[in-house]
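Comments concern the structure below.
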Number of protein chains: 2
Amino acid sequence: MNVETKPPRQKEGRKAREARILLAAEKVFAEAGFGGATMQLIADMADLPKASLHYYFPTKESLYRQVVEKIFHIWLRAADVFDSASGPAEGIAAYIDAKMELSRAYPAGSKVWASEVLHGAPVIQDYLETTLADWTEGRMKVIQAWIDEGRMTPVNPRHLLYMLWATTQHYADFSHQIETLNGGTPLSEADWAEAKRSVKQIILTGIGLEPPQP
Amino acid sequence: MNVETKPPRQKEGRKAREARILLAAEKVFAEAGFGGATMQLIADMADLPKASLHYYFPTKESLYRQVVEKIFHIWLRAADVFDSASGPAEGIAAYIDAKMELSRAYPAGSKVWASEVLHGAPVIQDYLETTLADWTEGRMKVIQAWIDEGRMTPVNPRHLLYMLWATTQHYADFSHQIETLNGGTPLSEADWAEAKRSVKQIILTGIGLEPPQP
DNA sequence: CCACAACCTGACCAATCGGTCAAGAAAAAT
DNA sequence: ATTTTTCTTGACCGATTGGTCAGGTTGTGG
């Protein structure tokens with residue numbers, strides 16, 4: 001009778017199952033896009049009957065939304081390294097490393113996000129206007145402060161941020177093209193290291209900073 | 001009877017109509033993706049009955065393929081400025097300008113291309129392996145030659161190219177996000193000029209070259 | 001043991017999709 | 001003028017889709 005009591009049940013099993021569905025959905029949405037993905041495909045990849053999907057996620061759109069939101073929050077959290085830095089060189093280098101690692105670890109999620117924005121952000125428009133806009137403004141001020149203190153070359157902070165986003169996400173979003181140009185094989189550990197080094201070298205040098213020595 | 005005779009007919013009308021369909025399809029595919037686009041939507045935007053679409057383009061996929069191929073060739077042609085340059089500074093600056101102008105002039109086409117690659121290039125995989133691979137290898141050699149001649153800082157030519165692609169296409173592919181962060185309004189003429197200037201400044205400085213003075 | 005709630009799913013449905021086709025209209029060729 | 005070819009489209013079709021639901025199973029508290 002007590003409404004406060006939380007019956008543990010197999011809550012564990014539930015969360016795990018939801019996570020498995022979200023993971024399968026992330027892959028399918030990344031490969032086929034929202035319109036091309038089908039609940040049946042996601043169900044097959046999660047090894048569940050289709051009706052079970054609708055038990056945990058009432059509609060295709062609600063499932064999609066949760067996939068996108070999950071990625072968005074991973075993205076935001078990675079951006080924390082920007083703040084905990086002591087200066088522009090360390091901050092931007094750490095941000096590049098973090099975002100490159102995300103591109104490597106969550107290629108499907110990155111593609112879902114890119115696809116969503118590409119098609120006009122019909123589902124997460126509110127996030128762009130609130131959370132992302134706030135975050136962007138904050139980092140622009142940090143960069144501008146660094147410039148004002150003479151710690152880096154004066155550049156437009158907004159376009160510097162765009163360049164950081166574009167370049168790092170490119171390795172996830174266009175991974176298929178990159179792999180094809182790499183002879184059809186995925187990037188090796190050394191390839192990724194070289195990619196990160198190259199990106200940091202050009203961008204940091206580009207804003208008057210010393211790239212970290214390997 | 002003569003097979004050689006080319007009846008002019010309203011050939012003009014036919015090509016024009018095909019072009020109108022391709023333009024409508026480009027927009028719809030860009031907004032909804034291949035899976036989300038419907039022949040009915042494209043027909044409505046082209047102001048034609050759906051059955052007429054199937055007269056000019058037998059299947060949805062053939063229409064999509066032509067849209068993608070059209071963009072690809074525009075992209076390749078823009079890359080010519082790379083060759084006609086006398087040196088790295090002019091060549092790369094001209095390439096950045098050209099690709100930024102393409103992002104501005106053909107945002108829908110760029111999005112279709114990005115969406116195609118994003119989802120594993122199911123339709124234009126052969127182009128990636130042949131034409132694009134050849135083009136990339138050629139430009140890498142040009143850049144390497146500039147480096148060997150001491151005309152620019154040694155950087156990995158492959159990752160420099162990726163950065164050029166990523167940054168310039170970002171302004172088309174993520175235009176919705178950029179507009180949202182721009183207060184919900186499209187970039188002005190001045191905004192585009194500032195974007196091009198910023199990109200050239202950071203990248204050219206990043207590889208040891210002098211950015212062009214405005 | 002029972003009752004109740006949460007969980008699960010095979011079978012089903014209305015809606016929508018890409019694509020077809022017959023029948024005609026318009027234009028060219030004869 | 002008449003045949004032939006090209007063009008046009010309303011009506012239609014099988015297949016697939018997202019979503020529903022009744023009925024069953026499982027687990028839990030009393």
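Lettering follows sequence order; numbering is per chain, from 1.
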### Query
Using a distance-only test with no angle check, is there a side-chain donor-acceptor pair under 3.5 angstrom linking A:Ser188 and A:Asp191?
yes
### Message
Under a 3.5 Å cutoff, is there a donor and acceptor pairing between the side chains of B:Ser175 and B:Lys111?
### Response
yes
### Query
Under the criterion ring-ring contact (aromatic ring centres under 6.0 Å, His included), which of A:Phe72, A:Tyr106, A:Trp165 is the partner of A:Trp113?
A:Phe72
### Task
Answer yes or no for A:Lys60 and A:Phe34: cation-pi contact, defined as NZ/CZ to six-membered ring centre under 6.0 Å and angle to ring axis within 45°.
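Because its charged atom sits under 6.0 Å from the ring centre and within 45° of the axis, A:Lys60 does stack over A:Phe34.
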Shortest side-chain distance from [X], nucleotide among [options]:
X: B:Lys50; options: D:dT8, D:dT17, C:dG19; result: C:dG19
X: A:Arg14; options: C:dT9, C:dC7, C:dC17; result: C:dC7
X: B:Met39; options: C:dG18, C:dC21, D:dT8; result: C:dG18

What is the distance from [atom1] of [X] to [atom2] of [N], rounded to the nearest Å?
X: A:Ile42; N: D:dG19; atom1: CD1; atom2: P; result: 11 Å
X: A:Leu48; N: C:dG10; atom1: CG; atom2: C1'; result: 14 Å
X: A:Gln40; N: C:dT9; atom1: CD; atom2: P; result: 13 Å

### Task
Compute the centroid of each ring, for A:Tyr171 and then for B:His159, and state whether the two points are separated by less than 6.0 Å.
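Yes, close enough.
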### Task
Enumerate the residues from residues 19-36 of chain A whose closest heavy atom to DNA chain C is under 4.0 Å, giving them by residue number; use none for an empty result.
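Going residue by residue through residues 19-36 of chain A, none turns out to have a heavy atom under 4.0 Å of DNA chain C.
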### Query
Quick one: does B:Thr180's side chain have a donor or acceptor within less than 3.5 Å of a partner on B:His176's backbone?
yes
### Interface residues of residues 52-68 of chain B with DNA chain D (non-hydrogen, below 4.0 angstrom)
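Heavy-atom contacts with DNA chain D come from B:Ser52, B:Tyr55, B:Tyr56.
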### Message
Applying a 4.0 Å non-hydrogen cut-off, can you work out what B:Ala37 is touching in the nucleic acid: base, sugar-phosphate, or nothing?
### Response
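B:Ala37: backbone/sugar contact only, no base atoms under 4.0 Å.
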### Message
Which heavy atom of A:Asp97 sits nearest to which heavy atom of A:Lys196, and what is that distance?
### Response
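That would be OD1-CD, 3.5 Å.
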### Task
Using a strict cut-off of less than 4.0 Å between a Lys/Arg side-chain nitrogen and an Asp/Glu carboxylate oxygen, indicate whether A:Arg104 and A:Glu189 qualify as a salt bridge.
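Yes, A:Arg104 and A:Glu189 are salt-bridged.
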### Task
Look at B:Arg17 and D:dC7 and indicate whether a side-chain polar atom (N or O) is within less than 4.0 Å of OP1 or OP2.
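It does not, given that no N or O in the side chain of B:Arg17 lies less than 4.0 Å from OP1 or OP2 of D:dC7.
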### Member of A:Gln201, A:Glu194, A:Arg197 meeting the side chain to side chain donor-acceptor pair (under 3.5 Å) criterion with B:Asn156
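One option only clears the test, and that one is A:Glu194.
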